[in-house]
Protein chains: 2
Amino acid sequence: MHCKFISFTYYFCNKFYKLDLIMKKNMEYLASLRQIMKNQGVDAVIISGTDPHQSENPPRHWRGREWITSFESDNGTNGTAVVLADKAYCWTDSRYFIQATDQLRDTGFEMMKEDGPDAVNLIDWVTENLPAGATVAIDGMTFSVSWAQRLQQELNDNNIKLNDTFTFFDQIWPDRPARPNNKLFVHDEEIVGETVDSKVSRLNTEVKAELANAVLLSSLDDIAWVTNLRTANDIGYSPVFVAYLYIDENRRTLFVDADKLTPEVNAHLAKYNFEVKPYESVLDFVAQLPKETRLLVDPAKTARLLYEKISCTPVFGGSRLAKLKSVKNDTMVSHLKTAMQKDGVALVKFFMEVEKEYPSGTLTEYGLGKLLRQCRLADPTCVDESFASIIGWNAHGAIVHYEATPETDIPVTGNGLLLVDSGGQYIYGTTDITRTIALGEVSDKERHDYTLVLKGHIALAMARYPKGTRGTQLDVLARQYLWNEGKAYYHGTGHGVGFFINVHEGPQGIRMNDIPVALEPGMITSNEPGLYLEGEYGIRLENLIVTRPWQTTEFGEFYDFETITLFPFDSSLIEKEILTPTETAWLNDYHAKVLAELSPLLNPTEQAWLVAKCAKI
Amino acid sequence: MHCKFISFTYYFCNKFYKLDLIMKKNMEYLASLRQIMKNQGVDAVIISGTDPHQSENPPRHWRGREWITSFESDNGTNGTAVVLADKAYCWTDSRYFIQATDQLRDTGFEMMKEDGPDAVNLIDWVTENLPAGATVAIDGMTFSVSWAQRLQQELNDNNIKLNDTFTFFDQIWPDRPARPNNKLFVHDEEIVGETVDSKVSRLNTEVKAELANAVLLSSLDDIAWVTNLRTANDIGYSPVFVAYLYIDENRRTLFVDADKLTPEVNAHLAKYNFEVKPYESVLDFVAQLPKETRLLVDPAKTARLLYEKISCTPVFGGSRLAKLKSVKNDTMVSHLKTAMQKDGVALVKFFMEVEKEYPSGTLTEYGLGKLLRQCRLADPTCVDESFASIIGWNAHGAIVHYEATPETDIPVTGNGLLLVDSGGQYIYGTTDITRTIALGEVSDKERHDYTLVLKGHIALAMARYPKGTRGTQLDVLARQYLWNEGKAYYHGTGHGVGFFINVHEGPQGIRMNDIPVALEPGMITSNEPGLYLEGEYGIRLENLIVTRPWQTTEFGEFYDFETITLFPFDSSLIEKEILTPTETAWLNDYHAKVLAELSPLLNPTEQAWLVAKCAKI
């Protein structure tokens, strides 16, 4: 899945919703909110798109911004609302301008642009549009320390007051979803290749290196990583669970709802000396830490209100912790290869079905999404998809953030390109793969563009680089053949991928903007160049690649990538004449490996299909 | 010339000096300094390597650090000394560790490492090695605002006092060189393509954009650029002159020694409404600016003491000004092409002589340096070389910062590679070119390495990229073929080049570390990949390239580079089998252009030589 942090984009989602019912309700909700604001002397409320853990993909319980505005970004987090006594606004970025304009129509909210030429800075706007003496309110649990500090500074400079304990959703949101309470399970140490004790010990070393002696983790993926615990269905597409985690040299405290724990999980927690406290008691806990505690908190991931409660000395930091999680050990990489086999098998079944049914004219994007989910979940070790599949036929393939819904669905008929970007959450690891295939007749232009994207993909896959190299330095390898013809894609080439956690994981990235993190052996990153012709078609080719040691020479240590995703590219879309012998050899070797790895898991018909797909070019 | 800002380097200068006389003198100087320190109650003095303008290449007058320590870095700026009552130290970076160790022997100074595994931070060291209540002294005119602020903060935190008006060189330095007072001349507006009025007007626009209403320029290249004035010999290798410049909407004040002005220069200054004040009066001037002046100063380029004198509101900034200078207009680029022809002719004469005399066995590196200077200065429009030539035979070519001196000189005999990195200060622009040629027998390994470097050079020269692309994003194009074989160079691939000003000019760069400045049409940058095998040979291939518009497509504006340096590569060093047809075509086209551009300026013998050098491969 291409990374969500896009600098520029020319594409947009074009979902259309039936707005009649929503319209009246939004107005009703806004009226209720404004009554509460009036009662409490609040002039403006800023509503966060995320949760107390600053999740990219928050549970429904915390999707109040989405609910009150009706603007549905990919996973709810994009979009921040501001409600005044007589007006209301929702900020979003250029990926969503057209979708948000549609969805916000008649809801009482106007769209505001976060980026692009007409961008309006939310904090600046709020301070400029309120008089001195006014009061701005936020729910301080849903904004990060760093964001809230910027807000507070600006408000102070303009003599505007901040109320950071303003909550209202429980009062005005009928049927607000409860906090998810699915059971946890233990992620087998044999799969993870590391005990919780070892992780805690490494964590403590990094905490000390940040000149702290304790840490409070708010980020759900960090907590799942340290504890080797997971759940299913707390949050769509991610097996993380809602909790906080405190750790120091002597104490490990997990703040989690008790009804999520099973005897197995309790035994695991006991074995590793965790004490368990109620989720909400974290606020009292941090308010009672002894003065000598130097508590490491990540200001971008920790809630403002939680931070405000801390009684001891807070230490800002956390970049070292992110790296611990991003570097996968050999056991994890080896299990991820098992997940890749399972994923490849699912895709063989899926694409065979696509080819078989295509002539009947009955395929639709939305239907294919359901089929693909079925193919993946047929494997019992696949807990969920790792994100909402992007299945785009022709012009829909050019919409980078397209999600087929009953409303947007179109039949997959006629000639063209089908872009399929999807992944699975296997207990053996998280997958993320994009293939673009031809159905019917293919034009020379499509073949040429596909091959330019493929050449970039291969150049990155084959890269060798000295220790210390950042993803940004390699990014152009994937873009060079497109640029050479005046073509370009503007999303990232590669994002980090978690291990049975989040499909987007920091800190490394292969992007145009600089990320000051070197690629290290064990980091798993996507390799996904693309090309999008608005109104025509989209092409994206994505495998996951692992950084590994290659050679040490007199010039230093060098690394390279191992491609671990297993599924053939569509050879019918390759303009062989513009591949170099080295590129052709890479492709043939890759296809030989795909065939060797997947064949033992396929039936004879499937094997025959794959043999043809993996034939030498 | 490769850029001096090197992250890592495995090479070093190996000059050896006769130290007998120096030894005694250093001790004597130190004793005098310590007497002054004692009289003034100073416990430690920090001595800057640069001047009140933070020059990379300061006039001799301000090379007191070099004089008192005897450590001679490339241009005097590298190296900061600290003198205590009983000890003295000189900090330098890894490029100079071996050279500095030699040169500092028996001078009373010990070397300290600025980078690498044993690095010691100077400011930290000073605060840790002095007791509370001690006094540290600096000459506040020779340290920047930003550096001195860091120092002051650390000293305050440790209750150490700062005396920032401590000067002593006039008292202890016999025959201290005076401030240079060569005459200025006007850099013809027809060559520059822009009047001073136009520059001042654009400057004022940028000053306003930084929310200031006046600017004080300290940087000598900025001042030369705005005024269209130059000099010769104030500073080796750069035609800039010592001055300050104040500009606001109504006033233009140049602070310069009156004896540097000629009638022509006075007329030029009068025409553009400059008032002239004595160089040193700048301190009184800034102390009397009206309160409502918001004075833009660059904290990295402005002297601490000057800043302290400012009576009005200082505004920190200046990055916008750097960009004005870096973007060259079409007139400048077209004149630079004339300079490139002249430079190419000089190099033809030089390399013909090298080939002719090589069999005689009489060539030496140092001798070749003198010959090369002669060849360039034969052209009356060449005012100086643009830096000290690097002429390295075999193992000396692997020393990135090598400078041949009578002490290091070796004969150019036997078989091997000769690296020649040099440039000229022409009134038509500044050149910088590196060629590596074979003399005698060539090994396959040398040929292979040369071709890898050449492939990288060509890949960067041919790059096309969207508007907004930073040099860092393109850097790997030049390194990829080396990395692919576990080889690497660790200096920058490209630095900005001034127009008849400094050969190193910001803000853009093509480097491994990120420089957040996009390449813009008119920027001139070097393209100089290399490879250095310690004890064996060095290869570097450098041309200057200009960013220019290429094409606008549905994906945005794209730029490419035009290579403007004119001299053939050594075809005898090319392993043709590993060049792609595209690379071969680029090389043949380039050689055809070199031949066409230079031939009209050569005599028949030279023409015949060049025809052979430019033959198709």
Side-chain angles (χ1 to χ4, degrees), chain A residues 7-10 398 449 459-460 462-490 493 510-518 531-536 549-560 578 580-583, chain B residues 7-10 398 449 459-460 462-490 493 510-518 531-536 549-560 578 580-583:
Chain A
S7 319
F8 287 97
T9 176
Y10 301 128
D449 284 342
L460 182 58
M462 296 184 70
R464 290 163 175 167
Y465 45 97
K467 179 179 174 173
T469 300
R470 309 179 310 287
T472 305
Q473 294 176 257
L474 302 180
D475 178 75
V476 72
L477 296 176
R479 300 181 197 266
Q480 58 185 327
Y481 304 104
L482 294 166
W483 287 4
N484 190 45
E485 298 192 3
K487 297 168 180 172
Y489 61 95
Y490 289 96
T493 301
I510 301 175
R511 307 183 54 76
M512 294 173 72
N513 57 310
D514 194 49
I515 296 177
V517 175
L531 185 66
Y532 310 93
L533 276 74
E534 198 175 345
E536 296 184 59
W550 173 56
Q551 243 183 42
T552 298
T553 73
E554 62 178 300
F555 299 95
E557 276 181 71
F558 286 78
Y559 301 152
D560 71 356
I578 64 166
T580 65
T582 312
E583 289 163 347
Chain B
S7 319
F8 287 97
T9 177
Y10 300 128
D449 284 343
L460 182 58
M462 295 183 71
R464 291 163 174 166
Y465 45 95
K467 178 177 173 173
T469 300
R470 307 179 311 287
T472 304
Q473 294 175 258
L474 303 180
D475 179 73
V476 72
L477 297 175
R479 299 182 196 266
Q480 59 185 324
Y481 304 104
L482 293 166
W483 286 4
N484 190 46
E485 298 192 3
K487 297 169 180 171
Y489 61 95
Y490 290 97
T493 300
I510 301 175
R511 305 183 57 73
M512 294 173 72
N513 58 308
D514 195 49
I515 296 178
V517 174
L531 185 66
Y532 311 94
L533 275 74
E534 198 174 345
E536 296 186 59
W550 173 54
Q551 242 184 44
T552 298
T553 73
E554 62 178 301
F555 299 96
E557 275 180 71
F558 285 78
Y559 300 153
D560 70 356
I578 64 166
T580 66
T582 312
E583 289 163 347

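Numbered from 1 within each chain, the chains take letters A, B, ... in sequence-line order. Just the heavy atoms: all of them, side chains too, but no hydrogens, waters or symmetry mates, feed the values below.
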Measure from the side-chain N and O atoms of A/Y465 to the backbone N and O of B/N484, and report whether any donor-acceptor pair falls under 3.5 Å.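 Checking the backbone N and O of B/N484 against the side chain of A/Y465, no donor-acceptor pair under 3.5 Å is found.
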
Residues at least two apart in sequence or cross-chain that pass salt bridge (Lys or Arg N to Asp or Glu O under 4.0 Å) with A/R470, listed by chain then number, are A/D514

Which one wins on heavy-atom pair count under 4.5 Å against chain B: A/M462, A/R464, A/Q551? A/R464

Chain B heavy atoms under 4.5 Å from A/E557: which part of the residue, side chain, backbone, both or neither? neither

Stepwise, does the side chain to side chain contact (heavy atoms under 4.5 Å, CB included) test hold for A/L477 with B/Q480? CA-CA 9 Å; A/L477 296 176; B/Q480 59 185 324; 3.6 Å; yes

Partner residues of B/E536 under the side-chain hydrogen bond (donor to acceptor under 3.5 Å, both in side chains) criterion, sequence neighbours left out: B/K445

Closest contact, heavy atoms only, [X] versus [Y]:
X: A/W483; Y: B/Q473; result: CH2-NE2, 4.2 Å
X: B/Y490; Y: A/F555; result: OH-O, 2.6 Å
X: A/A488; Y: B/F558; result: CB-CZ, 4.0 Å

Structural part of B/T469 lying under 4.5 Å from a heavy atom of chain A: side chain

Point-to-point distance, once rounded to the nearest 0.5 Å, from OG1 of A/T472 to CG of B/D475: 12.0 Å

